[in-house]
S.K.: 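I have a structure I would like to understand better, so I am pasting it below and will then ask my questions one at a time.
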Amino acid sequence: MLTTPAAAPITYRVSMPAPADHEFVVEMSVPALGRDVVELVFPAWAPGSYLVRDFVRHVYRLAITDAEGRALPVTRLDKQRWRVETGGRAFRVAYRVFAFEQSVRTSFLDDSHAYWNGTSLFFYVEGELQRACRVVVAPPPRSRWHVDTALPPVRGATLTYEAVDFDELVDSPFEVGTHERRTFRVGRATFELALFGRTNADVARLVDVLKRVCAASGKIFGGFPFKRYLFIVHALPVGSGGLEHRASVTMDITGLQFEDESGYHKFADLAAHELFHAWNVKRLRDRVLGPFDYTRENYTRLLWLHEGFTDYLANVIILRAGVTREKDFWKWIADDWPKYANRPGRGETPLDELSFEAWIKLYKPAENHVNRAVSYYEKGLWVGMALDLTLRLATGGARGLPELFRTLWDDLEERGWIVGDADVRAAAKKLAGAREAKAIDAFFDRYVRGTDELPLPAIWRRAGLAVRTRAEWEGDDVDAVRAARARAWTGVALFEGRTTIRNVVPDSPAAKAGLTFNDDVVAVDGARVTPATFGKRVADRRPGDRARVTYFRRDELREATLTLVENPERKITVAPDPKASARAKAVLRGWLGT
């Protein structure tokens with residue numbers, strides 16, 4: 001059967017003739033589209049990473065010709081658009097992309113491997129996003145590199161893969177090299193691992209961790225929304241996180257982090273987070289998050305649901321998967337809750353507004369960001385936990401956040417899983433029961449659209465936990481001298497390894513004395529300080545004492561006098577309360593899934 005021009009795919013040939021130059025050579029072949037003039041566009045951002053990155057800055061040697069190689073009339077319209085006069089005929093686009101950023105959001109090429117995330121590599125034709133696409137991969141000459149991607153191969157064609165449209169093309173990253181490969185099955189789905197880089201992990205154990213995570217995640221939804229899923233894992237000197245896709249994920253991990261159990265726990269947590277996105281955000285999503293506008297910001301107020309709740313549930317999933325133990329769960333809460341509870345900006349901006357402003361604030365924060373905002377990941381996590389327990393308290397432990405997502409998944413399937421704030425509220429009310437409807441609305445109004453303080457310690461106690469709050473200097477086993485020296489507080493945070501001020505907490509002694517960002521501290525009470533001794537010299541004083549801080553502001557030497565106060569930061573411990581009621585213990589069992 002002949003392929004009609006209207007159905008002919010756009011084909012991209014990606015070659016890497018000189019990997020040491022870090023440049024992909026891309027040839028884009030566009031069939032006749034029936035238009036004399038078309039616009040060629042390069043994406044500005046990567047879905048799942050909410051920042052305009054202007055990937056076109058890495059494009060070089062752009063040449064646009066007809067099928068016979070004759071140059072076509074081209075006009076550049078702006079930073080990422082070109083108008084091409086095709087005369088209605090097929091045309092070709094040849095260009096190079098500099099790829100030297102090791103990140104899940106971008107592309108990388110050297111003599112060890114190649115990786116690309118599609119929005120950083122491929123042009124598209126305006127109005128043709130729904131046209132099928134093909135990718136032909138040409139590894140370096142004389143190499144034995146193999147290819148892994150979630151895209152299916154074209155039968156009978158060597159290293160050629162097809163996508164139903166541009167969205168699927170750029171939602172399917174490629175790993176090309178000599179990486180390790182593993183395959184396993186969970187239920188009816190096949191999972192693959194493509195592992196690149198140096199690691200001290202037991203690879204068999206990594207596979208076991210992934211199997212456990214997949215099984216626990218699939219159990220929430222009664223199966224998987226795909227038949228095949230690919231984990232691309234880069235083991236690097238320093239990990240930087242993951243980026244989700246509909247049928248795959250890229251995870252950049254610290255390759256030599258597997259010195260103890262915590263390394264496997266971190267790996268499992270990241271895998272659980274990214275896999276959960278296969279449901280939450282890649283399918284169950286805000287309307288603006290697919291199909292995408294690749295040229296500009298796509299604003300959403302639901303990142304607390306898509307990212308924050310996912311971050312929380314990852315911890316529940318790895319517990320239920322048996323990767324972590326109950327005591328690890330309590331330790332995680334005890335370690336991380338004080339970090340959030342001590343954020344000066346946690347009550348400044350509503351959670352849905354933090355989501356909306358992600359494009360302009362979270363990923364390029366100003367100096368005062370920590371005092372006026374928090375991450376929608378972090379606050380969303382704790383709001384997710386609070387909602388989980390609120391639902392379980394209303395249902396005797398029977399239903400919580402996993403059941404809320406299953407309800408959304410089942411109820412919204414007919415409309416393509418498009419979700420809004422009202423749908424999340426409705427699902428929560430459905431689970432909690434009619435009597436709790438007003439309380440559920442109040443929850444969202446106070447903690448998602450409002451800035452009320454999260455009452456998690458009180459909720460934990462109602463859910464069967466014993467919660468103890470203490471200062472650093474409190475406790476029977478605390479060194480008395482160390483305890484006395486831990487009380488004084490300035491409100492200053494320094495950059496790591498420097499005496500330069502990174503932040504001054506509002507209304508703190510330092511703020512009242514006039515210290516601010518980038519002041520360079522040189523002495524406390526006349527004694528020169530280093531990054532290691534600044535805190536020690538402050539600890540020589542007690543709350544109520546005055547301390548002289550000498551510092552440079554730009555090139556001017558100044559001095560400020562601080563009246564120290566007691567350190568307001570507190571630590572917590574949480575553990576099951578043996579005296580809890582039977583109902584509270586049922587809530588706890590439901591929460592943990594035991």
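Positions are given from 1 along the sequence.
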S.K.: Measure the CZ-OG1 distance between R528 and T499 for me, rounded to the nearest 0.5 Å.
M.R.: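 The CZ atom of R528 sits 10.5 Å away from the OG1 atom of T499.
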
S.K.: R105 and S103: side-chain donor and acceptor closer than 3.5 Å?
M.R.: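 A pair is found: one side chain offers a donor N or O, the other an acceptor, under 3.5 Å apart.
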
S.K.: Is atom CZ of R558 surrounded by more than 12 heavy atoms (other residues, nucleotides or ligands) closer than 6.0 Å?
M.R.: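 Counting other residues, nucleotides and ligands, CZ of R558 exceeds 12 neighbours.
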
S.K.: Over 60° means perpendicular and under 30° means parallel, so classify the ring planes of W359 and Y299, tilted if in between.
M.R.: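 Y299 and W359: perpendicular rings.
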
S.K.: Taking only residues at least two apart or on different chains, which pairs with a member in residues 210-221 satisfy side chain to side chain donor-acceptor pair (under 3.5 Å)?
M.R.: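 Pairs touching residues 210-221 that pass the test: D208-R212.
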
S.K.: Output, in order, the C-alpha distance, side-chain angles, deciding distance and verdict of salt bridge (Lys or Arg N to Asp or Glu O under 4.0 Å) for E378 and R343.
M.R.: CA-CA 10 Å; E378 186 177 25; R343 303 274 190 224; 3.0 Å; yes

S.K.: Look at atom CZ of R583 and say whether more than 12 heavy atoms of other residues, nucleotides or ligands are closer to it than 6.0 Å.
M.R.: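 Yes.
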
S.K.: Any idea which heavy atoms bring A271 and F231 closest together, and the distance?
M.R.: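 Distance-wise, the nearest heavy atoms are CB-CE2, 4.4 Å.
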
S.K.: Given salt bridge (Lys or Arg N to Asp or Glu O under 4.0 Å), test R553 with D520 step by step and report yes or no.
M.R.: CA-CA 7 Å; R553 180 168 295 170; D520 192 12; over 6 Å; no

S.K.: Looking only at the aromatic ring of each residue, does the gap between the centers of W304 and F309 stay below 6.0 angstrom?
M.R.: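 Judged by ring-centre distance (under 6.0 Å), F309 and W304 do meet the cut-off.
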
S.K.: Does R498 make a cation-pi contact with F495, if we ask for NZ or CZ under 6.0 Å from the ring centre and within 45° of the axis?
M.R.: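 So R498 does make the cation-pi contact.
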
S.K.: Salt-bridge test for K339 and D336: reply yes if a basic N is under 4.0 Å from a carboxylate O, no otherwise.
M.R.: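 Yes, charged N to carboxylate O under 4.0 Å.
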
S.K.: Measure up the H273 and Y377 rings against each other and bin them: parallel (under 30°), tilted (30 to 60°), perpendicular (over 60°).
M.R.: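 Parallel, since the angle between the ring planes stays under 30°.
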
S.K.: Roughly how far, to the nearest 0.5 Å, is OG1 of T324 from CG of N315?
M.R.: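 N315 atom CG to T324 atom OG1 measures 7.5 Å (nearest 0.5 Å).
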
S.K.: Taking the side chain from H234 and the backbone from V104, do they hold a donor-acceptor pair closer than 3.5 Å?
M.R.: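 No, H234 side chain to V104 backbone: no donor-acceptor pair under 3.5 Å.
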
S.K.: Would you call D352 and F356 a side-chain contact if the rule is heavy atoms closer than 4.5 Å?
M.R.: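 A side-chain contact under 4.5 Å is absent here.
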
S.K.: Please examine the side chains of I220 and I317, heavy atoms only from C-beta on, and report whether any two atoms are closer than 4.5 Å.
M.R.: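 In contact.
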
S.K.: Quick one, P402 and L313 - any side-chain contact, counting heavy atoms below 4.5 Å?
M.R.: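 Side chain of P402 against side chain of L313, heavy atoms only: contact under 4.5 Å found.
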
S.K.: Nearest 0.5 angstrom please: K282 NZ to E244 CD, how far?
M.R.: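 If we round to the nearest 0.5 Å, K282:NZ and E244:CD are 6.0 Å apart.
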
S.K.: Using modelled atom types only, decide if a donor and an acceptor are shared between the side chain of D335 and the backbone of W332 within a distance under 3.5 Å.
M.R.: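 Answer holds: no.
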
S.K.: How long is the straight-line distance from OH of Y264 back to CD of Q257, given to the nearest 0.5 Å?
M.R.: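 One finds 9.5 Å between CD of Q257 and OH of Y264.
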
S.K.: With sequence neighbours left out, what residues match D423 under salt bridge (Lys or Arg N to Asp or Glu O under 4.0 Å)?
M.R.: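 With sequence neighbours excluded, D423 shows a salt bridge (Lys or Arg N to Asp or Glu O under 4.0 Å) to R415, given in chain and number order.
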
S.K.: Any heavy-atom pair between the side chains of K430 and T407 that's under 4.5 Å?
M.R.: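 Yes; the side chains approach each other to less than 4.5 Å.
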
S.K.: Is any side-chain N of the basic residue among R461 and D577 closer than 4.0 Å to the acidic one's carboxylate O?
M.R.: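 Salt bridge flag = no for D577 with R461.
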
S.K.: Salt bridge (Lys or Arg N to Asp or Glu O under 4.0 Å) between E261 and R205: does it pass, once the steps are laid out?
M.R.: CA-CA 11 Å; E261 288 295 319; R205 186 171 178 191; 2.6 Å; yes

S.K.: Please identify each residue that fulfils side chain to side chain contact (heavy atoms under 4.5 Å, CB included) with R537, with sequence neighbours left out.
M.R.: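 R485, V524, A527, V529, T533, D540.
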
S.K.: Looking only at atom types and distance, does a side-chain atom of R53 sit under 3.5 Å from a main-chain N or O of Y50, one as donor and one as acceptor?
M.R.: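 Side chain of R53 to backbone of Y50, a donor-acceptor pair under 3.5 Å: no, none is there.
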
S.K.: Just verifying a value: how many Å separate I501 CD1 and F517 CZ, rounded to the nearest 0.5 Å?
M.R.: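 Spacing of CD1 (I501) from CZ (F517) equals 10.0 Å.
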
S.K.: Evaluate salt bridge (Lys or Arg N to Asp or Glu O under 4.0 Å) for R301 paired with D286, printing each intermediate quantity in order.
M.R.: CA-CA 8 Å; R301 292 186 177 274; D286 189 340; over 6 Å; no

S.K.: Is the backbone N or O of N518 less than 3.5 Å from a side-chain atom of T500, with the two atoms forming a donor-acceptor pair by type?
M.R.: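 Absent.
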
S.K.: Which heavy-atom pair separates A488 from L564 by the least distance, and what is that distance?
M.R.: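 Of all heavy-atom pairs spanning A488 and L564, the closest is CB-CD1, 3.9 Å.
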
S.K.: Under 3.5 Å, side chain of N280 to main-chain N/O of L305, donor-acceptor pair present?
M.R.: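 Pair found, side chain donor or acceptor close to backbone of L305.
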
S.K.: Quick check: does any side chain N or O of E436 sit under 3.5 Å from a backbone N or O of G433, one acting as donor and the other as acceptor?
M.R.: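 Looks like no, no N/O pair under 3.5 Å.
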
S.K.: Where do L289 and H306 come nearest, in terms of heavy atoms and distance?
M.R.: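 Closest heavy-atom pair between L289 and H306: CD1-CD2, 3.7 Å.
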
S.K.: Just so I know, are the side chains of R502 and E496 near enough to count as touching, which here means a heavy-atom distance under 4.5 Å?
M.R.: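 Of all side-chain heavy-atom pairs linking E496 with R502, none is under 4.5 Å.
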
S.K.: Nearest heavy-atom pair of P457 and W337: which atoms, and what distance?
M.R.: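 For P457 versus W337, the nearest heavy atoms are CD-CZ2, 3.9 Å.
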
S.K.: Donor-acceptor pair, T395 side chain versus L431 backbone, under 3.5 Å?
M.R.: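 No; judged by distance alone, with no hydrogens or angles, the pair does not exist.
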
S.K.: Considering only NZ, NE, NH1 and NH2 on the basic side and carboxylate oxygens on the acidic side, decide whether R425 and D441 come within less than 4.0 Å.
M.R.: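 Salt bridge present between R425 and D441.
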
S.K.: Crowded around D545 CG? As in, over 12 foreign heavy atoms under 6.0 Å?
M.R.: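 Counting neighbours around CG of D545, more than 12 heavy atoms of other residues, nucleotides or ligands fall under 6.0 Å, so yes.
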
S.K.: Counting only heavy atoms not in R346, do more than 12 sit closer than 6.0 Å to its CZ atom?
M.R.: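 Check passes, neighbour count above 12.
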
S.K.: Can you find a heavy atom in the side chain of V549 that is under 4.5 Å from one in the side chain of E559?
M.R.: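 V549 vs E559: side chains apart.
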
S.K.: Can you name the nearest heavy-atom pair linking T254 to G239, along with the distance?
M.R.: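 Closest pair (atom of T254, atom of G239, distance): OG1-N, 2.8 Å.
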
S.K.: Kindly compute the distance separating CD (E274) from CG (D269), expressed to the nearest 0.5 Å.
M.R.: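 Between atom CD of E274 and atom CG of D269 there are 9.5 Å.
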
S.K.: Is the distance between the ring centroids of F221 and W409 under 6.0 Å?
M.R.: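 They qualify: ring centres under 6.0 Å apart.
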
S.K.: Any side-chain heavy atom of E326 within less than 4.5 Å of one from P576?
M.R.: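 With C-beta onward as the side chain, the pair touches.
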
S.K.: Among all residues two or more places apart in sequence or in another chain, which pass the side chain to side chain contact (heavy atoms under 4.5 Å, CB included) test with S508?
M.R.: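 Scan of S508 (side chain to side chain contact (heavy atoms under 4.5 Å, CB included), adjacent residues dropped) gives W489, V504, V505, A510, A511.
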
S.K.: Keeping to residues at least two apart or across chains, list the side chain to side chain donor-acceptor pair (under 3.5 Å) pairs with something in residues 380-392.
M.R.: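 Of all non-adjacent pairs touching residues 380-392, those that pass side chain to side chain donor-acceptor pair (under 3.5 Å) are Y312-D388, D388-R392, R392-E403.
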
S.K.: Applying ring-ring contact (aromatic ring centres under 6.0 Å, His included), which residue pairs with at least one partner in residues 430-454 are found, sequence neighbours left out?
M.R.: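 Counting only pairs at least two positions apart or across chains, the ring-ring contact (aromatic ring centres under 6.0 Å, His included) contacts touching residues 430-454 are F443-Y447.
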
S.K.: Does atom CZ of R570 have more than 12 heavy-atom neighbours, drawn from other residues, nucleotides or ligands, at distances under 6.0 Å?
M.R.: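 Yes, the 6.0 Å shell around CZ holds more than 12 heavy atoms from other groups.
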
S.K.: Please give me the minimum heavy-atom distance between E566 and R487, naming the atom from each residue.
M.R.: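 Closest approach of E566 to R487: OE1-NH1, 3.1 Å.
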
S.K.: Within a 6.0 Å radius of atom CZ on R482, are there more than 12 heavy atoms belonging to other residues, nucleotides or ligands?
M.R.: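 Atom CZ in R482 is not packed in, count stays at 12 or less.
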
